[in-house]
Amino acid sequence: MVGGSQLENANPLIYGRAGERQVTAQEEDDNAPDPIDDREIFDLIRSINDPEHPLTLEELNVVEEIRVKEGTVSVEFTPTIPHCSMATLIGLSIKVKLLRSLPERFKVDVHITPGTHASEHAVNKQLADKERVAAALENSHLLEVVNQCLSARS
């Protein structure tokens, strides 16, 4: 239960986790150039916790490796149901994780996979607006919830 209300998706489908990425000797070498690739971005966000369920976004198939694109780091995510009220919070958690993890030179674009959410346009607009994201993160309660999504499960 979230905030005393019933879960929107009480029985979500649970998917298997992808294998761990093999780290090469060159990637271990701090003196060698190591471009950030799609899988590395996926590894950063795969373990983000769902705000409603004791599962990760990867286990709920909200984030898949193939939906992560590099250059400008662009991440598409798919809420588990078309009317998911947690979509903005999930997108904000992904964005915060990437902003905290990547060098500042990267532009981070997080958006809902087209056609998968009833309020897709409104959520994408909120996530793309730097001032709205900054204002959301100034809200101590919201920041606490985001940090819970980003913390490791015990």
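Judged by distance alone, with hydrogens and angles left aside, the side-chain atoms of T116 form no donor-acceptor pair with the main-chain N or O of T78 at under 3.5 Å. Side-chain atoms of H117 come within 3.5 Å of backbone N or O of C84 as a donor-acceptor pair. For the pair E120 (side chain) and G115 (backbone), a donor-acceptor distance under 3.5 Å is present. Of the possible polar contacts, none joining the H53 side chain to the L55 backbone as a donor-acceptor pair under 3.5 Å is found. A donor-acceptor contact shorter than 3.5 Å links the side chain of T56 to the backbone of E59.
Side-chain contact between F77 and I48 is absent, with no heavy-atom pair separated by less than 4.5 Å. The closest side-chain heavy-atom distance from R46 to R39 is below 4.5 Å. At a threshold of 4.5 Å between non-hydrogen side-chain atoms, the residues K107 and V73 do not count as touching. Looking only at side-chain heavy atoms (C-beta outward), E144 and N147 stay at 4.5 Å or farther from each other. Between P79 and I90, every side-chain heavy-atom pair lies at or beyond the 4.5 Å cut-off.
Taken to the nearest 0.5 Å, the CG atom of D50 stands 13.5 Å off from the CD atom of E58. Rounding to the nearest 0.5 Å gives a distance of 13.5 Å between CD of E131 and CD of Q126. Here the CD1-CG distance, from I94 to L57, works out to 5.5 Å after rounding to the nearest 0.5 Å. Here the straight-line distance linking atom OG of S101 with atom CD1 of I41 works out to 8.5 Å at 0.5 Å rounding. In this structure, the separation between CG on L150 and CD1 on I45 is 11.0 Å, given to the nearest 0.5 Å. One distance of note links CG of L143 with CD of Q148; it measures 10.5 Å at 0.5 Å rounding.
Across every non-hydrogen atom of L89 and P51, the tightest pair is CD2-CB, 3.6 Å. Looking at every heavy atom in both residues, K95 comes nearest to A128 through NZ-CA, 4.3 Å. For the pair L44 and K97, the tightest heavy-atom approach, listed with the atom from each and the gap, is O-CE, 3.1 Å. Summarising the geometry of I112 relative to A87, their closest heavy-atom pair is CD1-CB, 4.1 Å, with the distance given to 0.1 Å. When all heavy atoms are compared, the tightest approach of A136 to L92 is CB-CD2, 4.1 Å.
The pair D129-K125 does not meet the salt-bridge criterion, since no charged nitrogen lies less than 4.0 angstrom from a carboxylate oxygen.
Across V108, V110, D109, a single residue satisfies side-chain contact (heavy atoms from CB on, under 4.5 Å) together with S74, and that is D109.
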